[in-house]
Amino acid sequence: IILAILYILQRPTPINKELEAIVYTVNQEEYETSIVIDGSIKKELFTEEASFAGYFKIESYPKSYYAGTTAKIDWHSDVAQNIRCAGTISSLDIDRVEIDRTMDNIKIILRDGTIVSTQKEDAPNELGASFFE
């Protein structure tokens, strides 16, 4: 019975959603995109750790949806996450990622300074300050 309970608690939870997001470029351009998430989240027992495995496609970012490309996101705590990809490419050129465990609030900062966010308040301020300051 204990093993069955542990199995149920460790079982991955399917997640399938599409979120609207805004892209902010270093050239101060702003446009809408969508993020499609299709995979599963697995929570680790007795820790804050969890992981997502599946498709994480950003409509305006072709590298995220090349054929066979999947993502793995690991949450080590509420403030420590990372994202990796597998498939036809080895890097998504991501500098920093902030994704909550429900995958509703997402902010991705690419190495070129582009920001993809589901939250309007993540927009760079009018003075051009970046998130790296």
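Fair warning: this is a prediction, and the values are worked out from it, not measured in the lab. These values consider heavy atoms only, across backbone and side chains, with no hydrogens, waters or symmetry-generated copies. Each residue takes its place number in the sequence, starting with 1.
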Participant: Report the C-alpha separation of Y61 and D93 in whole Å, then their side-chain angles, then the decisive distance to 0.1 Å, and conclude whether the side chain to side chain contact (heavy atoms under 4.5 Å, CB included) test is met.
Facilitator: CA-CA 10 Å; Y61 189 55; D93 295 325; 3.5 Å; yes
Participant: Roughly how far, to the nearest 0.5 Å, is the CG atom of N16 from the CG atom of D38?
Facilitator: 4.0 Å
Participant: Do I106 and F56 come within less than 4.5 Å of each other through their side chains, counting heavy atoms only?
Facilitator: yes
Participant: Got a second to check how far L19's CG is from Q119's CD, nearest 0.5 Å?
Facilitator: 9.5 Å
Participant: Against E49, only a single residue in K43, E44, K42 fulfils side-chain contact (heavy atoms from CB on, under 4.5 Å); can you say which?
Facilitator: E44
Participant: Does a side-chain heavy-atom distance below 4.5 Å link I22 with E30?
Facilitator: yes
Participant: Any salt bridge linking D95 with R111? Criterion: basic side-chain nitrogen under 4.0 Å from a carboxylate oxygen.
Facilitator: no
Participant: Any salt bridge between D104 and K17, counting N to O under 4.0 Å?
Facilitator: yes
Participant: Determine the minimum heavy-atom distance between I41 and M103, stating which atoms define it.
Facilitator: CD1-SD, 3.9 Å
Participant: Any chain of hydrophobic side-chain contacts (each under 4.5 Å) joining Y55 to I73?
Facilitator: no
Participant: Is the closest side-chain heavy-atom distance between E18 and I37 below 4.5 Å?
Facilitator: no
Participant: If you take all heavy atoms of P62 and S60, which pair is closest and at what distance?
Facilitator: CD-O, 3.5 Å
Participant: Mark yes or no for whether D112, through its side chain, and T114, through its backbone, hold a donor-acceptor pair below 3.5 Å.
Facilitator: yes
Participant: Test salt bridge (Lys or Arg N to Asp or Glu O under 4.0 Å) on E59 and K57; report intermediate values, then the result.
Facilitator: CA-CA 6 Å; E59 177 189 348; K57 301 175 184 179; over 6 Å; no
Participant: Please determine whether residues I35 and I15 belong to a single hydrophobic cluster, defined as Ile, Leu, Val, Met, Phe, Trp and Tyr linked transitively by side-chain heavy-atom distances below 4.5 Å.
Facilitator: yes
Participant: Starting at OH of Y24, measure out to CD1 of I115 and round the result to the nearest 0.5 Å.
Facilitator: 8.0 Å
Participant: So do the side chains of I94 and I109 get within less than 4.5 Å of each other, counting heavy atoms only?
Facilitator: no
Participant: Might you point out which heavy atoms bring V23 and V116 nearest each other, and give the distance in Å?
Facilitator: CG2-CG2, 4.2 Å
Participant: If you take all heavy atoms of D74 and S51, which pair is closest and at what distance?
Facilitator: OD1-CB, 3.3 Å
Participant: Checking W75 side chain against I99 main chain: does a donor-acceptor pair fall under 3.5 Å?
Facilitator: yes
